Chemist: 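One structure, pasted below without further comment.
Lettering of chains follows the sequences in order, A, B, ..., and the numbering in each one begins at 1. These numbers were taken from a predicted model, which means no experiment stands behind them.
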There are 2 protein chains.
Amino acid sequence: MGVIENAIDTIKQMIIDGEFRPGQKLPVEKGLAEQLGIARSTLREAVRALIAMRVLQTRQGDGTYVTSLSPALLLDGMSFVADIHLHAGTGEFLHVRRILEAEATALAAARIPDDDLVVLGKLLDEAEGLAAQSEIDHGQLVALDQDFHSLITSHCGNAVLAAVIQNMSGRTVRARIWRGMTDPEAVQRTLAEHRAVYRALLARDADRARIHAAMHVLGVEESLTGSRSFGDADRE
Amino acid sequence: MGVIENAIDTIKQMIIDGEFRPGQKLPVEKGLAEQLGIARSTLREAVRALIAMRVLQTRQGDGTYVTSLSPALLLDGMSFVADIHLHAGTGEFLHVRRILEAEATALAAARIPDDDLVVLGKLLDEAEGLAAQSEIDHGQLVALDQDFHSLITSHCGNAVLAAVIQNMSGRTVRARIWRGMTDPEAVQRTLAEHRAVYRALLARDADRARIHAAMHVLGVEESLTGSRSFGDADRE
DNA sequence: AACTCCAATTGATCCGATGAATATGGTACG
DNA sequence: CGTACCATATTCATCGGATCAATTGGAGTT
């Protein structure tokens, strides 16, 4: 095994063993490099790999720190995977999201506080107001859509589940979905589905919430795979 | 934004744009560094980050290549996330796995070829033979368990779904589950659940397969969260 | 006590050199 | 002509040091 891979594993293990704890500051580069018996540039490459995994974080002039290591943080590299597979695998990612989001929405039905139900209602109102305009601001709709879904899933009681869903459709995918909705009717249908989910949550009805959430994502899936209007059909 | 982050994004974008395709060889380090206007060591740190994401791969003496970029490859960094959260978040990961594996098993009921059903049966026979010994080889059981589950989920018809499940319970988690089964009765129960899933698949009964798969993972969840026999209860 | 400013600390970036692994092309042999 | 072997060039791996830039913390001032 290479020196760098070795250093990466050593640092990882030190974290797993609790020698370095979340939020803790690591020794200075020179010191840590000597401790591991490697050159400073080599250590930097190892550190850089761990930064990419969101395990470490550096602040120039200050030091290198272990991140919070929260699932949400560590799993957010997944959105890049979703983005890079825009061409072929979008449907597969959405399928996973459908399975998880249906379940998370059902779980949230029993847990979401009344306050946040009010917020959801306001998000819906805002989105519907936006969609009624002659010039639809798709960027704003994407943001509202993201807020709506993540507010719900954040109350499913499982941080890992919420994080996976969040990253399952990356920002690029989500933006593309809404951008593809040139048909005003599709926008209306999507908003109606959102409201159906909202009503099920209001009624604290987990089963209805699950079904409406699944239906909603399924509608998105079909609008993407059904109508090949995205210019990617040329590749196998 | 830092020079390195810039380089990482540039290379990513070149891949997304198709300038660098899967399997393709990148320019030599010195050349690419000059092209991006950065020093070679800086480029190496960027490349190292992309290697950690499984986007690039280097072969000393040969060159740097773009990987296949398959979802299975890109998502396999997730298992590290699962491993690092052994202490607190195991239950949450298993919950996600339960949701996904139930669905994947149901999907596989209609798709798994007869040949692989035969293989599944053999895996079960082997595991049961192993469990009947006086000295149980837990390592071997873990391997068979992994083969059993991944053979099923690989036939769910969705590579992303299969990859996420595969990584949802990392090797460390899985090993720990089996190691925790000091009670021979628990081993027998687990094997019985495996066989129930197998029978449902044989009958091509998606609903039964889904329920038995969910039941199986749930049993594992409860054996972990119910009996705090893993020495991690000292941390909050 | 609060503020300003400077110096030490620390990561960011660059550079050049050497080592190690691989591929390639040529050469000798069958 | 084809194959096996070998020398060499190519390329990544690792190293050590130099300089730049950002942050911090304390000295000095008000």
Chemist: For the side chain of B/Asp62, starting at C-beta, report the closest nucleotide among D/dT14, C/dT22, C/dT13.
Modeler: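 Selected nucleotide (nearest to the side chain): C/dT22.
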
Chemist: For A/Gly37 and A/Gly61, take the nucleotide of DNA chain D holding the closest heavy atom to each; which residue's nucleotide lies nearer the 5' end?
Modeler: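 Per heavy-atom nearest nucleotide, the more 5' residue is A/Gly37.
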
Chemist: Would you say the side chain of B/Ser41 and the base of C/dC15 hold a donor-acceptor pair, judged only by whether the two atoms sit under 3.5 Å apart?
Modeler: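 Indeed, a donor on one side and an acceptor on the other fall under 3.5 Å apart.
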
Chemist: Between B/Arg59 (CZ) and D/dC12 (C1'), how many Å, whole number?
Modeler: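 The answer, rounded to whole Å, is 12 Å.
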
Chemist: How many whole angstroms separate atom CD1 of B/Ile4 from atom C1' of C/dC14?
Modeler: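 B/Ile4 atom CD1 is separated from C/dC14 atom C1' by 11 Å.
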
Chemist: What about B/Arg48, does its side chain sit under 3.5 Å from the base of D/dA13 through a donor-acceptor pair?
Modeler: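 There is none.
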
Chemist: Going from CD1 on B/Ile152 to CG on B/Leu107, what distance comes out if it is rounded to the nearest 0.5 angstrom?
Modeler: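 Spacing of CD1 (B/Ile152) from CG (B/Leu107) equals 12.5 Å.
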
Chemist: Within this structure, what is the CG-to-P distance between B/Leu43 and C/dA12, rounded to whole angstrom?
Modeler: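 In whole Å, C/dA12 P and B/Leu43 CG are 17 Å from each other.
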
Chemist: Given C/dC15, D/dT11, C/dA12, identify the nucleotide with an atom nearest to the side chain of B/Val28.
Modeler: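 That would be D/dT11.
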
Chemist: With a 4.0 Å cut-off on heavy atoms, is A/Arg44 in touch with a base, just the backbone sugar-phosphate, or nothing at all?
Modeler: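 Answer is base: heavy atoms of A/Arg44 come under 4.0 Å of a base.
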
Chemist: May I have the distance from B/Leu56 (atom CG) to D/dA13 (atom C1'), rounded to whole angstrom?
Modeler: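 Going from CG in B/Leu56 over to C1' in D/dA13 covers 16 Å.
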
Chemist: Could you state the interatomic distance from CG (B/Asp147) to CG (B/Leu120), rounded to the nearest 0.5 Å?
Modeler: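 Going from CG on B/Asp147 over to CG on B/Leu120, the span is 10.0 Å.
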
Chemist: Can you tell me how far P of C/dC15 sits from NZ of B/Lys30, to the nearest Å?
Modeler: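 So the NZ-P distance, B/Lys30 to C/dC15, works out to 11 Å.
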
Chemist: Using side chain to side chain donor-acceptor pair (under 3.5 Å) as the criterion, point out the one residue from B/His149, B/Glu221, B/Arg98, B/Glu101 that pairs with B/His216.
Modeler: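 It is B/His149, the one option of B/His149, B/Glu221, B/Arg98, B/Glu101 that forms the side chain to side chain donor-acceptor pair (under 3.5 Å) with B/His216.
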
Chemist: Measuring only between side-chain heavy atoms, which start at C-beta, is B/Thr42 closer than 4.5 Å to B/Leu36?
Modeler: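 When only atoms from C-beta onward are counted, B/Leu36 and B/Thr42 do not touch, as no gap falls below 4.5 Å.
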
Chemist: Start at the 5' end of DNA chain D and walk down; is the nucleotide closest to A/Glu45 or to A/Arg40 reached first?
Modeler: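 Whichever sits nearer the 5' end wins; that is A/Glu45.
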
Chemist: Taking the side chain as C-beta and beyond, is there a heavy-atom pair between B/Leu94 and B/Arg97 under 4.5 Å?
Modeler: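 Answer yes - side chains close enough.
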
Chemist: For B/Glu5 and C/dG11, what is the distance between atoms CD and C1' respectively, to the nearest whole Å?
Modeler: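 These atoms are roughly 12 Å apart.
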
Chemist: Phosphate oxygens OP1/OP2 of C/dT10: is one of them under 4.0 Å from a side-chain N or O of A/Thr64?
Modeler: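 Negative; the distance criterion is not met.
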
Chemist: If you check every side-chain atom of A/Thr42, which of C/dT10, D/dT14, C/dT13 has the closest atom?
Modeler: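 Nearest to the side-chain atoms of A/Thr42, counting from C-beta on, is D/dT14.
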
Chemist: Give the rounded distance in Å between these two atoms: CD of B/Glu29 and P of C/dA17.
Modeler: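 About 17 Å, once rounded to whole Å.
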
Chemist: Which whole-number value in Å describes the distance from A/Gln60 CD to C/dA8 P?
Modeler: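 Checked: the CD to P distance equals 18 Å.
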
